[in-house]
Amino acid sequence: MLTTRLPSRVEPYKLAARAERLEGLMALADFSRLTDEVGAQSGDVRVTLDFSIDAQGRRVIRGHLEAELQLPCRRCLSPLAQQVESEFLLGMVTSDALAAELPSTHEPVLVENEQLNLLTVVEDELILSLPQVVYHDEADCEVSRDQLTSGEDAAASRGPAANPFEVLKQLKGKS
């Protein structure tokens with residue numbers, strides 16, 4: 001069982017030169033933007049990062065992450081456990097101009113002062129891996145099919161719509 005905690009900051013160029021692998025856990029509670037997106041989370045995300053230099057001399061990070069998140073059901077807003085997993089390939093850059101030169105297979109990651117904020121990198125990948133919509137099965141959801149459509153609203157929408165130009169017609173007839 002993996003219990004190693006990953007640091008929040010690393011020196012990625014040194015890790016790439018030595019072709020090192022970082023493997024460990026990061027607390028989901030530390031990801032504020034993820035909390036804003038889907039609510040407070042508990043537990044950890046498992047992260048594997050392989051730092052290397054590719055055949056073209058680019059410093060890259062191949063990564064894998066997986067976590068179980070409690071995401072709100074879009075019908076009833078109750079939490080629903082979802083397994084989130086992602087494979088990614090990052091190209092280390094020091095400017096936007098260098099990011100534009102990366103091939104489309106690489107996502108740019110900005111390295112400032114030879115430091116990389118792993119917390120931000122992992123949080124970005126986790127947010128990008130979120131499913132677009134999450135629903136309970138109908139049998140398990142707190143909101144029934146009948147609650148999803150309102151009888152009165154549905155009946156009103158089936159009737160003939162009022163003509164928005166009726167008022168203009170009446171005004172025109174008065175003059």
(request) Assess whether side-chain contact (heavy atoms from CB on, under 4.5 Å) is satisfied between Leu130 and Leu69, documenting all intermediate values. (result) CA-CA 9 Å; Leu130 291 174; Leu69 302 176; 3.5 Å; yes

(message) Between Glu68 and Gln82, does the side-chain contact (heavy atoms from CB on, under 4.5 Å) criterion hold? Intermediate values first, please.
(response) CA-CA 6 Å; Glu68 183 171 302; Gln82 289 284 299; over 6 Å; no

(request) Determine, stepwise, if the pair Glu125 / Val47 fulfils side-chain contact (heavy atoms from CB on, under 4.5 Å). (result) CA-CA 11 Å; Glu125 291 303 323; Val47 182; over 6 Å; no

(request) Working to the nearest 0.5 Å, report the span between CG of Leu25 and CG of Leu65. (result) 12.0 Å

(message) Please find the pair of heavy atoms, one from Pro131 and one from Val84, that lie closest to each other, and give the distance.
(response) CD-CG2, 4.3 Å

(message) How close do Ala67 and Leu28 get, counting heavy atoms only, and between which atoms?
(response) CB-CD2, 4.4 Å

(message) Just verifying a value: how many Å separate Ile61 CD1 and Met92 CE, rounded to the nearest 0.5 Å?
(response) 4.5 Å

(message) Using every non-hydrogen atom in the two residues, find where Pro108 and Val93 come nearest and quote the distance to one decimal.
(response) CB-CG2, 4.1 Å

(request) Working to the nearest 0.5 Å, report the span between OG1 of Thr94 and CD of Glu114. (result) 10.0 Å

(message) Is the shortest side-chain heavy-atom distance between Leu118 and Leu49 below 4.5 Å?
(response) yes

(request) With Asp50 as reference, evaluate Arg18, Arg21, Arg62 under the salt bridge (Lys or Arg N to Asp or Glu O under 4.0 Å) test and give the passing residue. (result) Arg21

(message) Would you say that more than 12 heavy atoms from the other residues, nucleotides or ligands in this model lie under 6.0 Å from the CD of Glu20, or not?
(response) yes

(request) Examine Val60 and Val109 and state if one hydrophobic cluster contains both, with Ile, Leu, Val, Met, Phe, Trp and Tyr joined whenever side-chain heavy atoms are less than 4.5 Å apart. (result) no

(message) Could you check whether any side-chain heavy atom of Leu98 comes within less than 4.5 Å of a side-chain heavy atom of Leu102, counting everything from C-beta outward?
(response) no

(message) Could you report the tightest heavy-atom contact between Ser86 and Ser129, atom names first, then the distance?
(response) CB-OG, 2.9 Å

(message) Tell me the closest heavy-atom pair linking Tyr135 and Cys73, and the distance in Å.
(response) CA-SG, 3.9 Å

(message) Exactly one of Glu87, Arg46, Glu23 should register a side-chain hydrogen bond (donor to acceptor under 3.5 Å, both in side chains) with His64. Which one does?
(response) Glu87

(request) Quick one: list whatever passes salt bridge (charged side-chain N to carboxylate O under 4.0 Å, His left out) with Asp54, sequence neighbours left out. (result) Arg58

(message) To check you understand the geometry: which heavy-atom pair defines the closest contact between Ser95 and Leu110, and what is its length?
(response) N-CD1, 3.8 Å

(request) For Gln41 and Gln70, indicate whether the former's side chain and the latter's backbone hold a donor-acceptor pair under 3.5 Å. (result) yes

(message) Rounded at 0.5 Å granularity, tell me how far CE in Met26 sits from CG in Leu126.
(response) 10.5 Å

(request) Examine Phe31 and Val134 and state if one hydrophobic cluster contains both, with Ile, Leu, Val, Met, Phe, Trp and Tyr joined whenever side-chain heavy atoms are less than 4.5 Å apart. (result) yes

(message) Is there a path of hydrophobic side-chain contacts, each under 4.5 Å between heavy atoms of I/L/V/M/F/W/Y residues, joining Val111 to Leu89?
(response) no

(message) Around atom CG of Asp36, are there more than 12 heavy atoms from other residues, nucleotides or ligands closer than 6.0 Å?
(response) yes

(request) Nearest 0.5 Å please: distance from the CZ atom of Arg9 over to the CG atom of Asn117. (result) 4.5 Å

(request) Kindly compute the distance separating CD (Gln56) from NE2 (His106), expressed to the nearest 0.5 Å. (result) 7.5 Å

(message) If you define the side chain from C-beta out and look only at heavy atoms, does anything of Pro72 sit under 4.5 Å from Val38?
(response) yes

(request) Measure the shortest side-chain to side-chain distance between Leu128 and Phe88 over non-hydrogen atoms and say whether it is less than 4.5 angstrom. (result) no

(request) With sequence neighbours left out, write down each residue that passes side chain to side chain contact (heavy atoms under 4.5 Å, CB included) with Arg33, or none if nothing qualifies. (result) Thr120, Glu123, Asp124, Ile127

